[in-house]
2 protein chains.
Amino acid sequence: MTLNSREAILAAARLRVQAHGYGGLSFRDLAAEVGIKAPSIFHHFANKAELGAAVARRYREDAAAALAALAEEGPDARASLARYPATFRGALENGNRLCLASVMAAELADLPPPVQAEVRDFAAMNIAWLAGRIAAAGLAAPEGAGPRARAVFAAVAGAQLLARGGGGVAAFDAVVDSYRAAGLIPS
Amino acid sequence: MTLNSREAILAAARLRVQAHGYGGLSFRDLAAEVGIKAPSIFHHFANKAELGAAVARRYREDAAAALAALAEEGPDARASLARYPATFRGALENGNRLCLASVMAAELADLPPPVQAEVRDFAAMNIAWLAGRIAAAGLAAPEGAGPRARAVFAAVAGAQLLARGGGGVAAFDAVVDSYRAAGLIPS
DNA sequence: GTCTTCCTACCTAACGTTAGGTAGGGTGGA
DNA sequence: TCCACCCTACCTAACGTTAGGTAGGAAGAC
């Protein structure tokens, strides 16, 4: 149960941050969900900042793996780009949550520096993946792939934010469809 | 000083929420900034929820006035649409803040219902304005103006979120330029 | 085999701090 | 006089965190 506890804490903390933010993550509530007491969390993580950084790091690693899998599914860069928004859809379906990095970006100034760094790394990783696929798909000139990648990332994150405010997955899908219609994302 | 205190509280609270979120708004810090003591705030607002709702309502009213002014500046709907993102730029310039509604959307689940309602109203107001201008500009079919308006609102909010994470106003401008290049927003 | 030692994993109790909120009093202008 | 405004003093609940301790297992020496 030792390794499982650490993993259980990480998983539960991720969901709680996605729903309530880093500031809304309480050790007592988190521990209760895992089935231990709050101080026992300190056996696995030195403090809240370290837990937050670990959650964000794991989130980035999982996303990187998912994107790598998406790219390896087929050689068609346009097709994998078209499926990129779907990686953000899941959070909305799962209790109207947001991308971890979006929630944390909203409270960025109050985040411990190590957590801030993880948030930036997540964005950089997504943008790098998008830029690679955009370049491979010939969707933009080589020097324009980076800016375009940032635009796609921002637009999809914004769609998720709007959908949480009202409309849910249906609103998210409609906004993404508009992006496709405008040519921001390939169909 | 009575009316001024209320206004000073509203203004300071708005800036603090834009920087730290509703959860990060503390009566003690807020009062200190205004130059009074924390319990004196309760003379102007019954509780935190009412203060939050008042801040959000005022924010929406101010934004509505700014958008109305933008629309009245000239009859060219395309031109006023092109200047829409600028209304979001100011927050970033002012201490790397976000749109009040974006910050609050990130912590929506923990907001008192009246505050949630104000956040939704702000989004609806923006979308209605955009839909009107999009229809007037002939940028989309009449039945497509609403979805397109939601896409523009989401995209601009996302650009602001990305810019806060890193890059600031320059990143915001670059992303908006990409939106223009893709045809999501008129130049 | 068993005794000692050290470990992991978790506990209870309490720390200092901060949160929103309340009670009741003083003061100044209409 | 009275009421708006702001004060001091205080409350309870919750926060992250620390101290100190217990249960149980692995490992080495004899």
Side-chain angles (χ1 to χ4, degrees), chain A residues 1-56 103-104 106-116 118, chain B residues 1-56 103-104 106-116 118:
Chain A
M1 190 60 97
T2 158
L3 237 165
N4 284 359
S5 270
R6 198 190 142 93
E7 290 301 312
I9 293 169
L10 275 177
R14 196 199 86 183
L15 290 174
R16 293 189 97 88
V17 173
Q18 283 183 270
H20 309 288
Y22 177 82
L25 175 66
S26 145
F27 273 56
R28 299 197 208 310
D29 293 350
L30 175 58
E33 187 172 329
V34 174
I36 58 176
K37 299 294 174 178
S40 300
I41 296 178
F42 290 93
H43 185 70
H44 302 279
F45 303 94
N47 48 46
K48 189 174 180 180
E50 195 176 280
L51 170 61
V55 167
V103 186
M104 285 184 161
E107 49 185 349
L108 197 73
D110 304 307
L111 257 34
V115 183
Q116 286 185 21
E118 292 293 341
Chain B
M1 187 63 96
T2 157
L3 237 165
N4 283 357
S5 273
R6 196 191 145 92
E7 289 300 312
I9 292 169
L10 275 177
R14 196 199 85 183
L15 291 173
R16 293 189 97 88
V17 172
Q18 283 183 270
H20 308 289
Y22 177 82
L25 175 67
S26 143
F27 273 56
R28 299 197 209 304
D29 294 350
L30 175 60
E33 187 172 328
V34 173
I36 58 176
K37 300 294 175 180
S40 300
I41 295 178
F42 290 95
H43 186 71
H44 302 281
F45 303 94
N47 49 45
K48 188 174 180 180
E50 194 176 282
L51 169 61
V55 167
V103 185
M104 284 184 161
E107 48 184 350
L108 196 73
D110 305 306
L111 257 37
V115 183
Q116 287 186 20
E118 292 292 341

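A note on names: the letters A, B, ... follow the listed sequences, proteins ahead of strands, and every chain is numbered from 1.
One can place CD1 of B:I9 at 14 Å from C1' of D:dA4, the figure rounded to the nearest angstrom. The interatomic distance linking A:F42 (CZ) with D:dG16 (C1') rounds to 5 Å, in whole Å. In this structure, A:D110 places its CG atom 12 Å from P of C:dA19, rounding to the nearest Å. Summarising the geometry, the separation between NE2 on B:H44 and C1' on C:dG20 is reported as 17 Å, rounded to the nearest angstrom. Between the P atom of C:dG20 and the CG atom of B:L51 lies a distance of 10 Å, rounded to the nearest Å. As rounded to whole Å, 11 Å separates atom P of D:dT17 from atom CD of A:E50.
Applying the salt bridge (Lys or Arg N to Asp or Glu O under 4.0 Å) rule to pairs touching residues 34-47 of chain A yields nothing, sequence neighbours excluded.
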Can you check nucleotides 25-30 of chain C for protein contacts, nitrogen or oxygen pairs under 3.5 Å, and list what you find?
none

What does the list of N/O pairs under 3.5 Å between the protein and nucleotides 22-24 of chain D look like, with a distance for each?
none

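Under the salt bridge (charged side-chain N to carboxylate O under 4.0 Å, His left out) criterion, A:E107 pairs with no residue at all, not counting sequence neighbours.
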Using a 3.5 Å cut-off and no angle test, enumerate the donor-acceptor pairs between side-chain atoms of residues 10-22 of chain B and protein atoms at least two apart in sequence or in another chain.
from, atom 1, to, atom 2, distance (Å)
B:R14, NE, B:Q18, OE1, 3.0
B:R16, NH1, B:E33, OE1, 2.1
B:Q18, NE2, B:L98, O, 2.8
B:H20, ND1, A:D110, OD1, 2.8
B:H20, ND1, A:D110, OD2, 3.0
B:Y22, OH, B:K48, O, 3.4
B:Y22, OH, B:A49, N, 3.4

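Remark: the backbone N or O of B:L111 is paired with a side-chain donor or acceptor of B:Q116 at under 3.5 angstrom.
Contact check of residues 21-40 of chain B against DNA chain C (heavy atom, cut-off under 4.0 Å) returns B:L25, B:S26, B:F27, B:R28, B:P39.
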